[in-house]
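Report on one structure; see the data block that follows.
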Amino acid sequence: MRKSELRQNYLSRQKAISQPDRMAKSKAICDLFFEAFDLDGIKNLHSFLPLQKFNEVDTLLIVEEVWRTRPHIQILVPRVDFNTQEITSLKFTPETELVKNEWEIDEPLHDEFVEPHLIDMVLVPGLCFETSGHRVGYGKGYYDRFLKTCRADCLKIGLSYWEPLDAIDDVHDGDVKVDFVVTPDRAVEC
């Protein structure tokens, strides 16, 4: 299936998830994330903040657990520049004040950026993923451009409510693959 069809299909499915089901699936993804990955060597972890209107995986469960149990890790979250179509990573702490951008995505109010080459791990949003690591996002390419600026050894982890697909028909050279996909049931190496 092509990305446009998958995007429409999975966005509808994602929006239809009830809040109790969303929280249960997000909690399962969070638990598997901490079981599957050794975070001892991670200094900077970039995570998307969940877009509530699209029922995205609640990454705040992961972020808050890192704050509680792994103080050596600096959490970073994205800010989107709609003019340049680039994502930058800003420090995120429990005290960070957030504002909504024009897409209703929470972003830090401050300007404390961290350069992409310092990022060790990225939690990548996606409507669906395939077993080889390709993803279907919202179609703007922001994360593909961002991931290209990260180090080659930066661990890219997709979070999804659904098992990875066998194939996405129209992947291209501009797509950046994730290394793993974490679902409520398992962590899949791509």
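Positions are given from 1 along the sequence.
- Nearest approach of Glu130 to Asp166, heavy atoms of both residues: OE1-O, 4.1 Å.
- Counting all heavy atoms, side chain and backbone alike, Leu123 lies closest to Phe33 at CD2-CE1, 3.7 Å.
- Within a 6.0 Å radius of CD in Glu64, other residues, nucleotides and ligands contribute more than 12 heavy atoms.
- With respect to Lys100 and Asp106, a salt bridge is recorded, a charged nitrogen being found less than 4.0 Å from a carboxylate O.
- A salt bridge does not link Lys148 to Asp144: none of the charged side-chain nitrogens sits closer than 4.0 Å to a carboxylate oxygen.
- A salt bridge between Arg70 and Asp40 is absent, with no side-chain N of the basic residue lying under 4.0 Å from a carboxylate O of the acidic one.
- Between Tyr10 and Tyr161, the distance separating the two ring centers is not shorter than 6.0 angstrom.
- Ion pair Asp120/Lys43 not flagged as a salt bridge, since none of the NZ, NE, NH1 or NH2 atoms sits closer than 4.0 Å to an Asp/Glu carboxylate oxygen.
- Within the 4.5 Å cutoff, no side-chain heavy atoms of Val181 are placed close to those of Arg135.
- One N or O on the side chain of Lys156 and one on the backbone of Cys154 form a donor-acceptor pair closer than 3.5 Å.
- Between Pro108 and Leu90, the closest heavy-atom pair is CG-CB, 3.9 Å.
- Considering every non-hydrogen atom in both Ile119 and Cys150, the closest pair reads CD1-SG, 4.5 Å.
- Screening Gln52, Gln14, Glu56 for a side chain to side chain donor-acceptor pair (under 3.5 Å) involving Arg22 leaves a single residue, Gln52.
- Scanning all heavy atoms of the two residues, the minimum distance from Phe48 to Thr59 falls at O-OG1, 2.6 Å.
- In Gln8, the CD atom is not crowded: 12 or fewer heavy atoms of neighbouring residues, nucleotides or ligands sit closer than 6.0 Å.
- In this structure, the side chain of Arg2 does not engage the main chain of Ile168 through any donor-acceptor pair within 3.5 Å.
- If you chain together hydrophobic residues whose side chains sit under 4.5 Å apart, Phe34 and Ile42 fall into the same group.
- Asp175 has a carboxylate O that lies under 4.0 Å from a charged side-chain N of Lys3, or vice versa, which qualifies the two as a salt bridge.
- Taking the six-membered ring where tryptophan is involved, the planes of Phe146 and Tyr143 are perpendicular, since the angle between them exceeds 60° and thus also 30°.
- Residue pairs meeting the ring-ring contact (aromatic ring centres under 6.0 Å, His included) criterion with at least one member in residues 95-127, sequence neighbours excluded, are Phe82-Trp103, Trp103-Tyr142.
- Classification of the Trp67-Phe92 ring pair by plane angle, with boundaries at 30° and 60°, yields tilted.
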